[in-house]
There are 2 protein chains.
Amino acid sequence: MRYEDLADEPCSITRPLVVLGDRWTLVLLKHCFSGVRRFNAFRTAMGISRSRLQDRLDRLVEHGILVRQRPEDSTYDEYRLTDKGLAVYPILMAIRDWGDAYMAPDGPPVRYRHRDCTGEAHVTLACDACGDTMTARDVTPELGPGLEGKLGQD
Amino acid sequence: MRYEDLADEPCSITRPLVVLGDRWTLVLLKHCFSGVRRFNAFRTAMGISRSRLQDRLDRLVEHGILVRQRPEDSTYDEYRLTDKGLAVYPILMAIRDWGDAYMAPDGPPVRYRHRDCTGEAHVTLACDACGDTMTARDVTPELGPGLEGKLGQD
DNA sequence: GGATCCGGTCTCGAATCGGAACCACTTGGT
DNA sequence: ACCAAGTGGTTCCGATTCGAGACCGGATCC
């Protein structure tokens, strides 16, 4: 089975991973959030090869995560985050929280601060009903609407 | 530059991505959270090839995300999540929230419910000082302790 | 015009991947 | 004891992907 076939799985974890979960893609998006927009800017920021960068950019544009557009004051295109792309931010912040906790022996290299505030941004998993913070052990998976309709079919 | 060299970057996003951010790895961890522990169980659940699965398992064990251990009542080893591995859960839930929002046209295939509660688990990015919910636009990166010591050195 | 920057394509050797064959060990049946 | 089946793992091979560099067309600047 090829990795791309995971996109057919009725699972909201594997489906995004087919797009985002390979080498460079999330690194590329991380740089988008730091304001990188141009082809060569990505290249120097990431150290990725030209052809690979092109692959990734094309795929992200194809999936509506980036848009490629020409600013009025420039002769060159820019790759910018769409709303769908901006919504990836919590994923990166969840990765960062984990990285700060387990892969930053000297402490966090970068603080992600709340603008005009003393606090920092952190990701929490919580229940949307009672508001309690949750861990993996507090979660029970259950059939959702995206699967119910498909059960009696075959 | 090779992808693995990103591990040298002083960045708590890229460093985890060198371990987690390639094909299959996060998919594998997802199955760990659904109770999959044995080699062939991963294989049938994921459709991954034997050699690739071995690579990934070895790497996760090497990084202390999984432990390989023999239960008393069995003749075969199991791969189980460590605390470091359990802490990956918010990353997967952040991916799922995004997948439910943008890649689940028929609605969420699976609900991740709070045990003994009516609510569902969701990831939020919030300020740890004022408690406000945040988006990418509310965040300002700032020098952290993991970098401060290294600045005047070279 | 020539030099330079920019984004992008193409090519080629190296690394990675998927699938199958193969192996050692354990279990169950006869 | 024997054979069959299952389990975890390694090794091999052809196919895909990757990284690095060459190349190319267009815009800019001198």
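Throughout, a chain's letter reflects where its sequence line sits, starting with A, and its residues are numbered from 1.
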* To do: Select one nucleotide: of C:dC6, C:dG19, D:dG9, the one nearest the side-chain heavy atoms of A:M1.
  => C:dG19
* Using a 4.0 Å heavy-atom cut-off across all strands, classify B:R38 as base, sugar-phosphate, or nothing. => sugar-phosphate
* **Sub-4.0 Å heavy-atom contacts from residues 67-76 of chain A onto DNA chain C, ordered by number** => A:R68, A:Y76
* Taking the side chain of B:R50 as heavy atoms from C-beta outward, which of D:dT10, C:dG7, C:dT16 is closest to it? -> D:dT10
* Identify whether any heavy atom of B:F42 sits under 4.0 Å from a base atom; if not, whether one sits that close to sugar-phosphate; answer base, sugar-phosphate or nothing. => nothing
* Within this structure, what is the OH-to-C1' distance between A:Y3 and D:dT17, rounded to whole angstrom? -> 14 Å
* Asked: With a non-hydrogen cut-off below 4.0 angstrom, is B:R43 in contact with a base, only sugar-phosphate, or nothing?
  -> nothing
* **Sidechain-backbone polar pair: A:T82 side chain, A:V67 backbone, donor-acceptor under 3.5 Å** => no
* Just how far, in rounded Å, is P of D:dG19 from CG of B:D5? -> 10 Å
* Is any side-chain N or O of B:R2 closer than 4.0 Å to OP1 or OP2 of D:dG19? -> no
* To do: Give a yes-or-no answer on whether the side chains of A:T133 and A:T124 include a donor-acceptor pair shorter than 3.5 Å.
  => no
* To do: Could you tell me the separation between the CD1 atom of A:I48 and the P atom of C:dG7, rounded to a whole number of Å?
  => 15 Å
